[in-house]
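All values reported here derive from a predicted model rather than from experimental measurement.
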Amino acid sequence: MMNNSIEILAPCGSYDSVVGAVRQGADAVYIGSLRFSARAYAKNFDSNELKKAIDYCHLHGVKVHITLNTLVSSDELPIAIETAKTAYFAGADAFIVQDFGLADIIKKTFPDIALHASTQMSVHTPAGARILYENGFDRVVLAREMSREEIREVVDSCDIETEVFVHGALCMCVSGQCYLSAMIGGRSGNRGRCAQPCRLPFKVKCGTGYDLSLKDNCILNELCELAEIGVTSAKIEGRMKRPEYTAMAVAVAKHSVENGVADKQELDRLRAVFSRSGFTNGYYYGKTGREMFGTRSKEDVISATEDVLSDIRAEYKDEVQSNAVSFTLSVQNGIPAKLSARCKGYIVQTEGAVPEIARSVPLSEEKAKVQLNKTGGTAFYAESISVMIEEGLTIPVSSLNNMRRDTLAKLESLITAIPERSFIEPYYKNDTPEKRVGEMKYRVHFRHCDIPEIFKKCEIVYVPVFSKKEDISGLIRKGYNIGVEIPRVVFGQEKILKQNLEEIVKIGVTDVYCNNIGIVALASEMGMTVHGGFGLNIFNSYSLDFIERIGVKDTELSFELTAGMINRISGNIKTGVVGYGYLPLMITRNCPNKNGRGCKECHGKSTIKDRKGNEFTLMCGAGCTQLLNFTPLVLSDKQDSFTGAEFMSLHFTHESNDECVDVMMNYMKKKKPHGEYTRGLYFRGVE
């Protein structure tokens with residue numbers, strides 16, 4: 001028998017799911033309000049349902065985490081804070097947040113609430129966890145792609161609580177770094193509106209045709225190991241799934257924690273309720289490959305029979321009696337009967353009828369105890385009953401029952417009452433951005449060090465951080481303003497990266513391009529000049545203030561913003577936009593080619609086709625694969641639309657040097673593009 005030392009955290013998209021999770025043994029649940037939830041298409045909770053759910057959970061000693069885990073525009077921030085305020089005063093225990101700016105305001109406005117960093121922040125390194133802890137976060141929800149060794153490294157790095165996904169859907173892309181749904185259909189995953197295009201047909205050479213779709217993650221057998229590592233919370237994914245799924249997943253997790261391993265029969269029932277060709281634990285054990293891929297088949301759908309679902313519902317149909325009550329009944333002549341009760345440190349008392357002299361059979365101690373024991377259907381059970389009845393007296397059974405019900409109702413009110421909470425009225429600044437003075441400056445990104453001379457005119461020329469040092473030194477000698485670009489994700493590579501950056505600094509490079517808060521922290525600690533990338537998802541002025549505080553000198557803004565929104569963002573640090581490139585719509589740890597011919601022949605570059613025949617480039621490096629859009633973003637003739645941006649970034653990936661030079665010249669001359677191109681989301685926006 002194992003000690004229950006890890007929280008079981010359940011997903012709840014409806015009140016019925018809350019009930020199922022609590023009755024099956026969840027320690028905490030996470031639910032979304034009607035706005036600003038990363039599962040916008042779940043049923044979610046209005047203010048009345050939210051209060052009802054929180055009260056029910058607190059009655060059973062279960063915590064409630066509220067998801068506010070989407071990017072929020074400056075105009076939306078006051079509405080988001082009002083949403084948070086409703087949940088806060090309803091008794092919420094924690095907020096799960098993606099947006100740096102929203103998190104900052106929440107921390108200042110609601111000082112009594114725990115703040116959790118959503119997995120949408122893409123945190124997967126010790127430095128990322130540390131910087132969150134230093135900036136007021138109580139918990140970090142780690143990236144799903146991490147191995148157990150990488151999880152352990154983060155846990156050991158600082159005192160922040162850690163939360164790990166142990167069951168549920170696996171996105172192909174690292175959470176918070178997927179722009180596929182936004183670009184294809186205008187529905188942003190970062191805004192909670194993902195249309196899941198990755199579950200549609202995408203095919204690599206020799207693939208199955210569903211080469212962006214992974215099986216569901218399942219490491220429910222490993223909960224005790226996670227507890228030993230020091231993980232705080234075992235998180236189940238699935239707020240959009242039915243209540244039976246939530247209840248079954250919690251039951252499996254509970255069994256695993258209490259017995260050291262999940263029950264195979266229960267796992268089979270969980271698979272019957274929902275799976276995509278079964279489950280995978282590939283990321284946890286560091287074994288990526290074809291066996292991780294799967295899709296929702298007909299067999300998966302029909303396995304969720306009504307017999308299976310009704311059997312699961314039967315397991316949680318009855319209320320859980322989780323609160324022990326000590327009753328004391330006093331029946332004395334001439335005064336109303338009194339029933340007092342003690343529970344969780346609370347003491348309440350209720351009066352009943354004035355006792356009468358019994359005409360036949362007086363009220364006995366045994367009969368009184370039988371009635372007081374009838375707590376079925378409530379969250380209470382009688383742990384002890386003390387009865388004092390003067391001889392020959394009686395009271396109606398109905399009075400005794402009413403006293404019991406009223407007493408338990410009083411206890412319930414006390415247990416679910418919200419303690420007084422602090423609230424500091426938020427301050428909202430008026431965005432008054434300064435207009436750019438002079439011409440747009442350019443920064444360019446290359447995947448190699450063979451760079452044409454025209455780019456000497458650029459403000460910064462970024463080359464990969466793992467480039468040969470002699471190549472970087474050669475570019476500096478030739479007069480290029482060189483910076484280094486760190487990959488968006490660096491699973492398990494923080495120590496190697498730090499050593500590499502130390503060598504980079506020695507040869508005179510101090511400018512570094514960072515797309516992740518953990519990488520920002522690492523580079524900032526080393527005294528480098530940190531330039532933020534689009535992967536930081538800066539969506540409002542308050543997020544800009546946050547990253548300035550942690551050491552970012554200037555940053556690209558999210559390319560999910562419109563030009564108008566970009567022009568209204570203001571702060572002390574300069575901002576720029578991604579102005580050219582085959583936009584990286586996904587970054588994955590399991591290469592799609594592993595579901596096809598494998599990775600031996602592609603030499604770091606291949607393609608994948610969607611059902612319409614569009615061909616997306618796959619670029620591999622640093623242990624990950626980027627899926628690039630099939631047409632380039634071009635803004636050469638639209639630069640004057642971005643009056644709030646100081647610089648424009650041109651991201652070159654698989655273009656030839658001649659093509660790169662042509663692009664640069666077109667931007668310098670503000671020429672209208674030709675051929676196929678996209679304006680991205682800058683003039684159409686996202687949901």
Side-chain angles (χ1 to χ4, degrees), residues 10 12 14-23 25-31 33 45-66 84-94 110 112-114 316-331 335-353 368-369 371-387 395-423:
C12 296
S14 67
Y15 183 77
D16 288 342
S17 291
V18 171
V19 171
V22 170
R23 291 182 180 177
D27 302 299
V29 303
Y30 63 103
I31 63 181
S33 62
F45 296 77
D46 63 23
S47 57
N48 292 329
E49 291 171 328
L50 192 67
K51 177 62 176 169
K52 180 182 177 184
I54 292 173
D55 284 351
Y56 183 77
C57 288
H58 286 177
L59 180 61
H60 291 282
V62 173
K63 291 185 176 181
V64 180
H65 306 168
I66 306 297
K85 185 177 180 181
T86 298
Y88 180 70
F89 285 110
D93 298 290
F110 312 109
D112 298 331
I113 201 78
Y316 64 90
K317 66 180 178 63
D318 297 325
E319 180 60 291
V320 178
Q321 295 180 291
S322 55
N323 296 291
V325 181
S326 296
F327 285 118
T328 300
L329 175 66
S330 175
V331 180
I335 60 174
K338 293 182 176 62
L339 179 64
S340 62
R342 180 191 297 270
C343 177
K344 291 186 173 180
Y346 297 107
I347 300 175
V348 298
Q349 182 173 284
T350 303
E351 290 189 350
K369 286 184 176 181
Q371 296 307 122
L372 295 177
N373 257 316
K374 292 182 177 180
T375 59
T378 75
F380 302 92
Y381 67 93
E383 183 179 50
S384 65
I385 302 174
S386 176
V387 176
I395 57 173
V397 170
S398 60
S399 179
L400 196 56
N401 290 340
N402 288 337
M403 293 169 68
R404 183 195 66 241
R405 283 192 293 267
D406 292 347
T407 300
L408 295 181
K410 289 179 180 179
L411 283 174
E412 183 172 327
S413 295
L414 289 172
I415 292 170
T416 59
I418 309 303
E420 186 174 343
R421 311 193 88 167
S422 299
F423 172 73

Residue pairs fulfilling side chain to side chain donor-acceptor pair (under 3.5 Å) with at least one residue in residues 337-346, sequence neighbours excluded | N323-K344
What distance separates E412 CD from H58 NE2, expressed to the nearest 0.5 Å?
-> 13.0 Å
How far apart are the closest heavy atoms of V22 and C57, and which atoms are they?
-> CG2-SG, 3.9 Å
D55 side, atom CG; L50 side, atom CG - distance, nearest 0.5 Å | 9.5 Å
On a heavy-atom basis, the closest approach of V29 and A21 is CG1-CB, 4.0 Å
Donor-acceptor pairs under 3.5 Å, side chain of residues 378-385 to any protein atom, not counting sequence neighbours: which ones?
unit_1	atom_1	unit_2	atom_2	d
T378	OG1	T375	O	2.6
T378	OG1	F380	N	3.1
T378	OG1	F380	O	3.4
S384	OG	S326	OG	3.1

Closest non-hydrogen contact found for R404 with N401 is NH1-OD1, 3.0 Å
Side chain to side chain contact (heavy atoms under 4.5 Å, CB included) evaluation trace for E49 with I31 = CA-CA 11 Å; E49 291 171 328; I31 63 181; over 6 Å; no
From L339 atom CG to T328 atom OG1, the distance as rounded to the nearest 0.5 Å | 8.0 Å
For A353, does its backbone N or O pair with a side-chain atom of S399 as donor and acceptor, under 3.5 Å?
-> yes
May I ask you to decide if F89's main-chain N or O and R421's side chain share a donor-acceptor pair within less than 3.5 Å?
-> no
Hey, could you give me the CD1/CG distance between I347 and L411, rounded to the nearest 0.5 Å?
-> 10.0 Å
What distance separates I54 CD1 from T416 OG1, expressed to the nearest 0.5 Å?
-> 11.0 Å
Can you check whether N402 reaches R405 side chain to side chain, under 4.5 Å on heavy atoms?
-> yes
Looking only at non-hydrogen atoms, find the nearest pair between A84 and F110 and report the distance.
-> CB-CE1, 3.7 Å
Which heavy atom of C343 sits nearest a heavy atom of I415, and at what distance?
-> SG-CD1, 4.1 Å
Before accepting this row, confirm whether a basic side-chain N of the pair K410/D406 lies closer than 4.0 Å to the acidic partner's carboxylate O.
-> no
List the steps, then state whether side chain to side chain contact (heavy atoms under 4.5 Å, CB included) holds for K51 with I418.
-> CA-CA 11 Å; K51 177 62 176 169; I418 309 303; 3.7 Å; yes
Of all residues at least two apart in sequence or in a different chain, which pass the ring-ring contact (aromatic ring centres under 6.0 Å, His included) check with H60?
-> Y56
Rounded distance (nearest 0.5 Å) linking atom CD1 of I113 with atom NE2 of H65 = 9.0 Å
A92 and I66 have their tightest heavy-atom pair at CB-CG1, 3.5 Å
Do the side chain of Q371 and the main chain of A368 share a donor and acceptor less than 3.5 angstrom apart?
-> no
